[in-house]
Each structure stands twice: as C-alpha cells, then as structure tokens.
There are 2 protein chains.
Amino acid sequence: MPPTDTQSAAPEARQTVTSEAVLDAALTLFAERGYHGTALSQIAERLGIRTPSLYNHMRSKQELLETLVAATLRDVLTDFHGAVADSEDPVVQLRAATRVYALRHATHRREALVVNRDTTSLPEPALTEMRERRREHERAIRSIIMRGIECGAFAVGNAGLASFAILEMSVSIARWFREDGPRTAEQVADEYAEFALRICRYRG
Amino acid sequence: MPPTDTQSAAPEARQTVTSEAVLDAALTLFAERGYHGTALSQIAERLGIRTPSLYNHMRSKQELLETLVAATLRDVLTDFHGAVADSEDPVVQLRAATRVYALRHATHRREALVVNRDTTSLPEPALTEMRERRREHERAIRSIIMRGIECGAFAVGNAGLASFAILEMSVSIARWFREDGPRTAEQVADEYAEFALRICRYRG
DNA sequence: CCTACCGATCGGTAGG
DNA sequence: CCTACCGATCGGTAGG
C-alpha cells in the first residue's frame with residue numbers, strides 16, 4: 001500500500017530500488033558470506049522488497065556476480081595504467097603500481113573479497129576471461145620487475161615469484177583493513193609500496 | 001551386490017569408505033568449489049556411495065569443515081613452534097617461521113584454500129576459536145619482528161603491517177603453486193623466507 | 001552400506 | 001512493485 005501522495009501520478013516513480021542498489025546489496029552480502037552462501041531472498045530483504053522484484057533489475061544471480069567481478073577487474077587495470085603512465089623508471093612504476101593496487105584493496109574491500117573468493121564460481125566463458133585479466137596485470141608487474149633487474153635497480157632471483165608475492169600481499173589488505181583503524185588507507189598503501197621495492201631488493 | 005569373496009565373513013569388512021576418505025574428498029571439493037558450493041551428494045559420488053551413507057562417518061557437513069579447519073590450524077602452529085625452537089635470533093626465527101609457513105602452503109594447498117575461503121562459514125563458537133588461533137600466529141610473528149627491530153637487525157616502521165604482509169603473501173602460494181611446475185615447494189619456501197627478511201629490511 | 005523419504009529453501013517464472 | 005507458484009536440490013532422518 002504505497003503512500004497516497006503526488007508521485008502516484010507517474011507509475012515509474014513507484015520504483016524504490018535501482019540496479020545500482022541491487023548490485024551494492026549483492027556486493028555486501030557476497031563479501032560477507034560468499035556467492036553460494038548468499039540467497040537472493042537475503043539481497044531482497046536488505047533492500048526491503050520481495051525476491052521476485054529483484055528480476056526487474058537483473059537477469060540472474062550469476063549475472064550479478066559477473067557484473068561485479070568484471071567492473072572490479074576493469075578498474076584495477078585502469079588504475080594500473082594510470083599509475084605507470086607518468087614514468088618509464090621501473091622503480092617509480094613499481095612503487096606507483098603497488099600503491100594504487102594496495103590502496104584499492106583498502107578502499108574497496110568488498111570488491112576485493114568477492115573477486116578473490118568467488119571468481120571461480122563464474123560460468124565459462126566469464127571465468128576464463130576474468131582469469132586472463134588478472135594474468136595481464138600480473139604479467140605487467142613482472143615486466144616492470146624484469147626491466148628493473150636489467151637496469152640494475154632490482155636484484156631478485158625470480159621476477160615471477162616477486163610479482164606474485166607483491167600482488168597477493170596487497171590483496172590481503174582487504175582482509176584486515178578497517179576504516180576506523182590506526183592507519184589511513186594511504187599510509188598502508190605507501191608502506192606496501194615500500195615493501196614491494198624491498199622484496200625486489202631495491203636499495204634506495 | 002558386494003563380491004562374494006572371503007571377506008564377507010566379517011560384517012565390518014564391508015565398509016569400503018573410512019572417515020579419513022570422507023574428509024579427504026570433502027577437502028578436495030571444498031577447496032575446488034567452496035563449502036557452500038559443495039553438496040554432500042558430490043562428496044558421496046566421489047567416494048562411490050550414496051549420500052546417507054556419509055552419516056556413518058560424520059555427524060554433519062558443518063562438522064567436516066570444522067574438523068578440517070581445526071586440524072590445519074593446529075598443524076600450522078605446530079610447524080611454527082618447531083621452526084622457532086632452535087634459535088633465539090630473530091633473523092633465524094623469522095626465516096624459519098616463514099619458510100615452514102610458505103612450505104605448508106605449497107604442500108597443503110587444499111587445506112590452505114579452505115581455511116582462507118570458508119572459515120567464515122563456521123558456526124560459533126568455532127569461528128571465534130579459529131580466528132583466535134590465526135591471531136596467535138600473527139602475534140607470534142609480529143613479536144619476532146619487534147625483537148628484531150629492538151636488536152637492530154630489522155628496520156621496519158610497523159611490525160604489524162610487516163607481519164600481515166609476510167603471512168598473506170605466503171598464504172597466496174596455495175593459489176598458484178603447482179607440483180609439476182618449474183620450482184619445488186622447498187625452493188619457493190626459501191625464496192619467500194628471504195622476501196620476509198627483505199620486507200623487514202634485514203641487510204644480510 | 002542401502003532405499004525411501006522429510007521439510008526447507010533454492011533460483012526463477014507467470015501474471016498482474 | 002506484488003502474490004502465487006514451480007521443479008530441483010539441499011542437508012538430514014528412519015529403518016533396515
């Protein structure tokens with residue numbers, strides 16, 4: 001029984017929930033309980049609507065996951081390209097690339113948790129495409145490290161091992177970071193950027 | 001219709017599946033699809049029995065998860081205490097502690113994936129207890145780093161941040177390590193142990 | 001170890 | 001946006 005105010009003239013005005021709100025609620029719950037641990041009824045409840053009403057804003061539960069993961073990985077790569085555009089110096093690039101990646105995991109914790117926990121629940125071909133995007137990022141980091149080794153700035157036995165370590169320690173920030181904690185996201189990101197350089201044995 | 005051989009004399013001999021086999025099948029599937037993404041029927045199918053027969057070897061699906069997580073965290077702490085027992089030197093201790101932790105994540109990938117992905121699916125009080133065990137490990141690593149800072153071996157602004165980074169980069173080995181890959185588990189563990197010292201700015 | 005079966009809940013559709 | 005409803009599957013029990 002909707003309120004009998006002026007808006008009842010336009011039928012479209014009855015819509016109380018947007019697709020963005022559905023995605024946001026799904027993101028929160030997927031991050032909290034995992035994709036398979038979340039029921040559509042819980043997403044609906046959080047929005048104050050009934051389950052079937054969700055289908056006005058999405059095609060399926062799977063599509064929700066796919067949208068969230070694709071958007072997150074797209075943003076990660078955009079961040080990366082922005083971070084390395086300013087300089088050709090591998091030291092500057094690795095610091096900047098690690099900084100934005102670490103920063104994103106502190107400021108977008110839910111997205112990070114879902115991507116890392118539930119990407120494997122995606123159906124093909126999305127699964128393969130998402131894996132390819134992550135690999136693209138990893139290869140780009142590795143290539144920076146290899147250039148750093150070549151020019152003598154870094155000294156690390158295996159660039160692949162180092163790039164995995166750097167990326168994954170950053171990912172884990174999403175597991176423990178708290179906005180109301182003792183350190184800001186920027187402080188953590190700066191510190192992790194230095195960790196990355198140390199892993200590569202950069203003696204600044 | 002069991003084979004009509006000699007073993008049919010003893011009724012107990014009909015048992016074809018052990019609790020260990022159930023746990024192992026659950027471990028494989030939980031690691032692959034997550035706890036909520038795995039049905040008991042899939043565990044049974046993998047063992048060649050019917051779903052209700054599983055209940056001869058377990059009390060509930062939840063108990064399977066609880067058993068797996070508790071055993072893994074117990075082993076992690078046992079590893080840790082064994083690794084740091086030989087020396088009081090923070091450098092030696094951090095290297096050894098990281099080495100065994102990294103090694104475990106290369107050799108026990110399934111356990112690591114389940115602990116990291118599905119511990120949050122545990123009911124209380126198991127959830128709190130498992131979190132406490134992980135925190136215990138983290139505090140122990142942090143304490144080694146702090147002692148290293150005090151005696152001048154390490155130079156890192158924040159021991160907590162460093163311990164998180166070291167532990168989580170090691171955890172991630174379970175995500176990418178392959179037994180048939182180019183590096184042995186021991187080689188990876190040794191390399192990560194050096195990464196840990198570098199993060200703490202140990203200038204060996 | 002099995003068959004037979006349970007209530008609950010799942011994602012999703014029909015139709016308004 | 002809703003109610004009414006669907007078949008499928010879930011974890012688990014009864015009883016042998």
Determine whether the side chains of [X] and [Y] contain a donor N or O and an acceptor N or O closer than 3.5 Å.
X: B/R110; Y: B/T28; answer: yes
X: B/R131; Y: B/T119; answer: no
X: A/R134; Y: A/N116; answer: yes
X: B/Q42; Y: B/T38; answer: no

State which residues pass salt bridge (Lys or Arg N to Asp or Glu O under 4.0 Å) with [X]; sequence neighbours excluded, sorted by chain then number.
X: A/D89; answer: none
X: A/E132; answer: A/R139
X: A/E186; answer: none

Q.
Just to be sure I understand the geometry, which residues of residues 39-51 of chain B put a non-hydrogen atom under 4.0 Å away from DNA chain D?
A.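 Heavy-atom contacts with DNA chain D come from B/A39, B/L40, B/S41.
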Q. Going by number, which of residues 113-122 of chain A have a non-hydrogen atom under 4.0 Å from DNA chain D?
A. none
Residues which pass side chain to side chain donor-acceptor pair (under 3.5 Å) with [X], listed by chain and number, not counting sequence neighbours:
X: B/D79; answer: B/R104
X: B/E129; answer: B/R133
X: A/S163; answer: A/E138

**Q.** Ion pair B/D190/B/R95, N-O distance below 4.0 Å
**A.** no
Q: Tell me whether the centres of the aromatic rings in A/Y35 and B/H36 are closer together than 6.0 Å.
A: no
Q.
Quick check: A/H105 with A/Y192 (ring centres under 6.0 Å apart)?
A.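 They do not qualify: ring centres at least 6.0 Å apart.
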Q | ring-ring contact (aromatic ring centres under 6.0 Å, His included): pairs with one or both residues in residues 171-190 of chain B, sequence neighbours excluded | A |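 Output for this query lists A/F164-B/W176.
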Q | Any residue of residues 26-33 of chain A with a heavy atom less than 4.0 Å from an atom of DNA chain C | A | none
Q.
Using a strict heavy-atom distance below 4.0 Å, which residues from residues 54-72 of chain A are in contact with DNA chain C?
A.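 A/Y55, A/S60, A/K61 - these, ordered by number, are the residues of the stretch whose heavy atoms sit under 4.0 Å from the strand.
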Q: Would you sketch DNA chain D in dot-bracket for me? Only Watson-Crick or G-U wobble pairs with both distances under 3.5 Å count, crossing pairs as [ ], other-strand pairs as |, the rest as dots.
A: ||||||||||||||||
Q) Relative to the 5' end of DNA chain C, which residue comes earlier, A/Y35 or B/T18, by the nucleotide with the nearest heavy atom? A) B/T18
Q. Under 3.5 Å, is there a donor-acceptor pair between the side chain of B/R147 and the main chain of B/E88?
A. yes
